[in-house]
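Comments concern the structure below.
FYI, side chains are in, hydrogens and waters are out, and symmetry mates aren't considered; it's all heavy atoms of this structure. In what follows, chains are A, B, ... by sequence order, proteins preceding strands, each numbered from 1.
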Amino acid sequence: MTELRLYNTMTQQKEPFRPRTAGKADIYVCGPTPYAPSHIGHARCYVIYDTLVRYLRHRGLTVSYVRNVTDVDDKIIKRANEGEEKATDVAERYFASFLADMDALGCLRPDVQPKVSDHIPEIVALIESLIAKGAAYELDGDVYFAVKAFPGYGKLSGRKIEDLRAGARVERDERKRDPVDFALWKAAKPGEPQWSSPWGPGRPGWHIECSAMALKYLGNGFDLHGGGLDLVFPHHENEIAQSEAASGVPFCATWMHNGFIETNKAKMSKSTGDFFTISAALKHVEPEALRFFFHTVHYRSPLNFEWTTDDDGKTTGFPSIEDAERRLEYLYATKQRLADIEDTRLVDGPGSADIEALRKRVEEAMADDLNTAEVLAALADLGKLANDLADRAERKKGGVPKASVIAARRLFETIGQLLGVLGDSPAAMLGRIQARRLARSGVDRAWIESKIEARKTARSEKRFADADAIRDELLARDVELKDSPQGTTWRLR
RNA sequence: GGCGCCGUAGCCAAGUGGUAAGGCAGAGGUCUGCAAAACCUUUAUUCACCGGUUCGAAUCCGGUCGGCGCCUCCA
């Protein structure tokens, strides 16, 4: 098997991925802070890590996939206070919608989804050990991490403490020993969730929860930690500082970060409102189309996502994922044709060496830092080979190599499992796409069918001009006809 | 100000030292009453620009221009 190489943010290069325990992979991914509907940036992120997990399992590894839920957080509290709601209710509501989105996108559930609110004792214990080691200090019920106490600070993000101190954007708090020190524990304020602690009532700071939960479920030196590129600093840098200051040993071996979704060449940002929710996008296209679209670009690259609006600012479409959905139609139709090849058309003998070459190409592409764009290139070639086999089977002349048909079906299956697409039945998928387009265009199904019937009559009477006029009439409403020996079918463009 | 990424055809996008994958769009063809679908052929002497290293550079080095990210909540 080709050795898997992953880009490690820590070393800034691709490295062989060698888990600490052979045959296992222990992974922690920073999960959502549920305070608003999830957007397509979340979708991309978690589809990427889902693809990683699927691929590792494909390689035969036993994966422990931990993805936390940060259900104690400033933004949740703010949201709760705005709506006069309990913070826990806000977190629970948005976490449920997050899970629904992830399920729709075909993301496998993580093995563990720990919540911050369930791990306060672990967090408190970790903070206590940091204080005991002189790496943290208390101030009026707050506890801060002493960055100076951890010599490796900045090793992940390539930052120097002096540069951070000089940065104009570091929050100044005169009580802190050093402006770069960050909060591990925040003293309770009125109207906030709080837990008792050795430093009085309060709640965890932002970064400590991931250290505590990753260490609890995976232990020191686990294999891979993932998240969005923006988490490199300060979040992951601080996780390393907290964890390693406490343990004295490396926290995690490989750091993986995904690139951002951009709109109009600029990062999507919740603060500017310039983002789109997963559920809104899924009203326009199949979830698999979104997945397919993500796979067209390498996971570390930025991905531009556009949508069109009418004069009222109402969203009218998502050109790029609509293109992806059309591509999916082709692939599902191909899958169907491959399945429809009758056994009587198959002959023994050597299959095409091309298909085995494609399988190798797919394996090597995935092993090379999850190069899904290359996998899609191989899939395109497989589609052509498969359609060619189907064409030959339909021509009723000469045999079709059984070995090739079987190999093509299997490779379709493998690629589909790796990328999390093409797993549905073609009839179901194509039917849903058609129903959605029908609803959107307002064209009546019965009208289409009556027109087809009229055309059939015209054709049988050789009135081809009339038949063509009907087809043009349908085409004007984006209804495409396809004649075959089994009759006429239609498709909405 | 500090750190980092990117610039490949009309559009999207792989490729990080050995002579430019793939998709969309375009052109021609096979098939078809005509179409559609499918398949075949075709579309970058060239990888922002200028120098350098090398037998050889889209790939390495230096510089210029352009775009973007992080340093503040963020996936």
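Among the protein residues, His257(A) comes within range of no part of the nucleic acid, since none of its heavy atoms lies under 4.0 Å from any strand. Contacts of Ser157(A) with the nucleic acid, taken as non-hydrogen atoms under 4.0 Å apart, involve only primed sugar atoms and P, OP1 or OP2. In this structure, Arg491(A) reaches neither bases nor backbone, as no heavy-atom distance under 4.0 Å exists between it and the strands shown. Contacts of Leu481(A) with the nucleic acid, taken as non-hydrogen atoms under 4.0 Å apart, include base atoms. Using a 4.0 Å heavy-atom distance criterion, Asn258(A) is classed as a base contact. The residue Arg337(A) sits close only to the backbone: its heavy atoms come under 4.0 Å of sugar-phosphate atoms, none of a base. Nucleic acid contact for Arg493(A): none, since no nucleic acid atom lies under 4.0 Å from a heavy atom of the residue.
Across all strands shown, rA44(B) forms no Watson-Crick or G-U wobble pair with both distances under 3.5 Å. Nucleotide rC39(B): paired with rG29(B) (Watson-Crick or G-U wobble, both distances less than 3.5 Å). Using the Watson-Crick or G-U wobble rule with both distances under 3.5 Å, rU54(B) pairs with nothing in any strand shown. Pair check for rU59(B) finds none; no Watson-Crick or G-U wobble contact set falls under 3.5 Å. Here rG1(B) sits opposite rC71(B) as a Watson-Crick or G-U wobble pair (both hydrogen-bonding atom distances under 3.5 Å). If you check rG66(B) for Watson-Crick or wobble pairing at under 3.5 angstrom, you find it paired to rC6(B). Of all nucleotides present, none satisfies the Watson-Crick or G-U wobble test against rU16(B) with each distance under 3.5 Å.
Comparing rC39(B), rC24(B), rA75(B) by their nearest atom to the side chain of Thr33(A) picks out rA75(B). Which of rA21(B), rC39(B), rA75(B) sits closest to the side chain of Phe260(A) comes down to rA75(B). Counting only heavy atoms from C-beta on, Asp468(A) has its side chain closest to rG33(B) among rA38(B), rA75(B), rG33(B). Among the nucleotides rA75(B), rG22(B), rC24(B), the one closest to any side-chain atom of Ala380(A) is rG22(B). Comparing rG2(B), rG33(B), rA75(B) by their closest approach to the side chain of Arg159(A) singles out rG2(B). Of the listed nucleotides (rC70(B), rC39(B), rA37(B)), rC70(B) has the atom at the smallest distance from the side chain of Phe233(A). Checking rA21(B), rA36(B), rC39(B) against every side-chain atom of Glu480(A), the shortest atom distance belongs to rA36(B). In the set rA75(B), rA14(B), rA21(B), rA14(B) carries the atom at the smallest distance from any side-chain atom of Asn371(A). Of the candidate nucleotides rA37(B), rG22(B), rG33(B), rG22(B) has the atom nearest to the side chain of Lys384(A). Considering only side-chain atoms of Glu262(A), the nucleotide from rA75(B), rC68(B), rA36(B) that sits closest is rC68(B).
The aromatic rings of His235(A) and His207(A) sit tilted, their planes meeting at an angle between 30° and 60°. Ring-plane geometry between Phe95(A) and Phe98(A) is classed as parallel, the angle between the planes falling under 30 degrees on a 0 to 90 degree scale with a further cut at 60.
Look at the C1' atom in both rU8(B) and rC47(B): the space between them is 4 Å, to the nearest Å. Between rG10(B) and rU19(B), the distance separating the two P atoms is 24 Å to the nearest Å. Comparing the C1' positions of rU46(B) and rU30(B) gives an interatomic distance of 32 Å, to the nearest angstrom. Look at the P atom in both rC6(B) and rC40(B): the space between them is 34 Å, to the nearest Å. Going from the P atom of rU16(B) to that of rC60(B) covers 9 Å, rounded to whole Å. As rounded to the nearest Å, rG26(B) and rU53(B) have P atoms that lie 46 Å from one another. For the C1' atom pair drawn from rG22(B) and rG15(B), the interatomic distance equals 11 Å after rounding to whole Å. Atom C1' of rG4(B) sits at a distance of 30 Å from the matching atom of rA44(B), rounded to the whole Å.
Distance Arg327(A) CZ to rA25(B) C1': 13 Å, rounded to the nearest Å. Rounded to whole Å, atom C1' of rA38(B) lies 20 Å from atom OH of Tyr332(A). Rounded to a whole Å, the CD atom of Gln12(A) is 12 Å from the P atom of rC3(B). Rounded to whole angstrom, the span from the CG atom of Leu290(A) across to the C1' atom of rA75(B) amounts to 14 Å. As a whole-Å value, the separation of Lys14(A) NZ from rC5(B) P is 14 Å. Residue His295(A) contributes atom NE2, which lies 19 Å from atom C1' of rC24(B) at whole-angstrom precision. Between the CD atom of Glu374(A) and the P atom of rC12(B) there is a distance of 20 Å, given to the nearest Å. In this entry the distance linking CD of Glu306(A) with C1' of rA13(B) reads 15 Å, nearest Å.
For rG22(B), the OP1/OP2 oxygens have no side-chain nitrogen or oxygen of Tyr330(A) closer than 4.0 Å. Between Arg471(A) and rC34(B) there is no side-chain N or O to OP1 or OP2 distance below 4.0 Å.
Distance alone, capped at 3.5 Å, places no donor-acceptor pair between the Thr334(A) side chain and the Gly383(A) backbone.
Between Leu303(A) and Asp73(A), the residue whose closest nucleotide on RNA chain B is further toward the 5' end is Leu303(A). Two residues, Asp388(A) and Arg300(A), neighbour RNA chain B, and the one matched to the more 5' nucleotide by heavy-atom proximity is Arg300(A).
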Self-check item: Working for ring pair (Phe, Tyr, Trp, His ring centres under 6.0 Å), residues Tyr65(A) and Tyr28(A)
Solution: CA-CA 6 Å; Tyr65(A) 177 20; Tyr28(A) 186 94; 9.5 Å; no
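Between the side chain of Asp483(A) and the base of rC34(B) there is at least one donor-acceptor pair of N/O atoms closer than 3.5 Å.
Taking the ring axis of Tyr35(A) as reference, the NZ or CZ atom of Lys75(A) stays within 45° of it and closer than 6.0 Å to the ring centre.
A salt bridge does not link Glu162(A) with Lys160(A): every distance from a Lys NZ or Arg NE/NH1/NH2 to an Asp or Glu carboxylate oxygen is 4.0 Å or more.
Of the N and O atoms on the side chains of Glu363(A) and Tyr55(A), not one donor lies less than 3.5 Å from an acceptor on the other residue.
If you run side chain to side chain donor-acceptor pair (under 3.5 Å) between Asp369(A) and each of Arg5(A), Arg300(A), Lys14(A), only Arg300(A) comes through.
With contacts defined as side-chain heavy-atom distances shorter than 4.5 Å, the pair Trp490(A)/Ile452(A) qualifies.
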